[in-house]
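Positions are given from 1 along the sequence. Small disclaimer: the values here were computed from a predicted structure and weren't measured.
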Amino acid sequence: MKSRRHGKILELIKKYDIETQEELSERLLAEGYPVTQATVSRDIRQLHLTKVSKGDGRQKYVSLAKSNSEMTEKYTRVFREGFLSMETAQNILVVKTVSGMAMAVAAALDHMDCHEIVGSIAGDDTIMCAVRSVEEAKALMGRLQKMIDLKE
């Protein structure tokens, strides 16, 4: 029942500009899904729905979870395909890539959950990432290595 309701919610927010939980509850009821406000609130949280501006000062619910998940997978694939090696120099993480792939791999790192990176510079086959600390550079290197190891 919950998965069908979640599917219906995603369908409704694509079809209509739903602005409030109350409006979502009413549309669900009209579709044969009697729900409480607490259920709708929980569904919104579980589906990772968020509100975005419609441009006229009003907002509507949208789902970013699937697109974020798909994009994370794409960025991970770009990172894995372009990656050759990495090492640290104090708090600098140096990533070697396939020739011509440094910019793409750096962009992938920018969009992955690498909160340790303050900024990065990419050339043709090398990326230099400024990391907040030596400890975080080592931790990041370990996390990225695990991601690479999953490929093999």
| said: Between E11 and K14, does the salt bridge (Lys or Arg N to Asp or Glu O under 4.0 Å) criterion hold? Intermediate values first, please. | reply: CA-CA 5 Å; E11 179 184 316; K14 283 181 185 176; over 6 Å; no
| Test side-chain contact (heavy atoms from CB on, under 4.5 Å) applied to S120 and L109, step by step | CA-CA 9 Å; S120 59; L109 283 170; 5.9 Å; no
| Worked check of side-chain contact (heavy atoms from CB on, under 4.5 Å) between L144 and L93 | CA-CA 11 Å; L144 293 174; L93 176 65; 3.8 Å; yes
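With L24 as the fixed residue, the side-chain contact (heavy atoms from CB on, under 4.5 Å) test singles out one of D43, I9, L29: I9. Results of the side-chain contact (heavy atoms from CB on, under 4.5 Å) test with V105 over D125, D110, I127 single out I127 as the only residue that passes. When the options R143, K138, R132 are evaluated for a salt bridge (charged side-chain N to carboxylate O under 4.0 Å, His left out) with E116, the one that passes is R143. Checking I121, T97, V94 one by one against T126, the side-chain contact (heavy atoms from CB on, under 4.5 Å) holds for a single residue, V94.
Around NZ of K8, the count of heavy atoms belonging to other residues, nucleotides or ligands within 6.0 Å exceeds 12. Heavy-atom neighbours of M128 CE from other residues, nucleotides or ligands within 6.0 Å: at or below the threshold of 12. Remark: E87 CD is loosely packed, at most 12 non-hydrogen atoms of other residues, nucleotides or ligands lying under 6.0 Å away. By the 6.0 Å contact criterion, CD on Q145 is enclosed, its count of non-hydrogen atoms from other residues, nucleotides or ligands being greater than 12.
Within the hydrophobic cluster formed by Ile, Leu, Val, Met, Phe, Trp and Tyr side chains joined at under 4.5 Å, directly or through other members, V134 stands alone, with no partner residue.
Hydrophobic clustering (ILVMFWY, side-chain heavy atoms < 4.5 Å, transitive): Y16 and L47 are in one cluster. Residues M141 and I92 are members of separate hydrophobic clusters, defined by side-chain heavy-atom contacts under 4.5 angstrom among Ile, Leu, Val, Met, Phe, Trp and Tyr.
Rounding to the nearest 0.5 Å gives a distance of 8.0 Å between CZ of R42 and NZ of K2. In this structure, CZ in R58 is found 11.0 Å from NZ in K51, a value given to the nearest 0.5 Å. Separating the CG atom in N91 from the CD atom in E135 is a distance of 9.5 Å, to the nearest 0.5 Å. Atoms CZ and SG, on F79 and C114 in that order, are 7.5 Å from each other to the nearest 0.5 Å. The distance from the OG1 atom of T39 to the CD atom of Q46 is 9.5 Å, given to the nearest 0.5 Å. With values rounded to the nearest 0.5 angstrom, I13 atom CD1 is found 11.5 Å from E23 atom CD.
Contact of the Q59 side chain with the V52 side chain is not registered, since no non-hydrogen atoms from C-beta on lie closer than 4.5 Å. Side-chain atoms of Y61 and Q21, non-hydrogen and from C-beta on, do get closer than 4.5 Å to each other.
Minimum interatomic distance between A122 and A106 (heavy atoms only, all atoms of both residues): CB-CB, 3.8 Å. Closest of all the heavy-atom pairs between S63 and L10 is CB-CD2, 3.7 Å.
Looking at residues two or more places apart in sequence or on another chain, you find a side chain to side chain contact (heavy atoms under 4.5 Å, CB included) between L84 and K96, V98.
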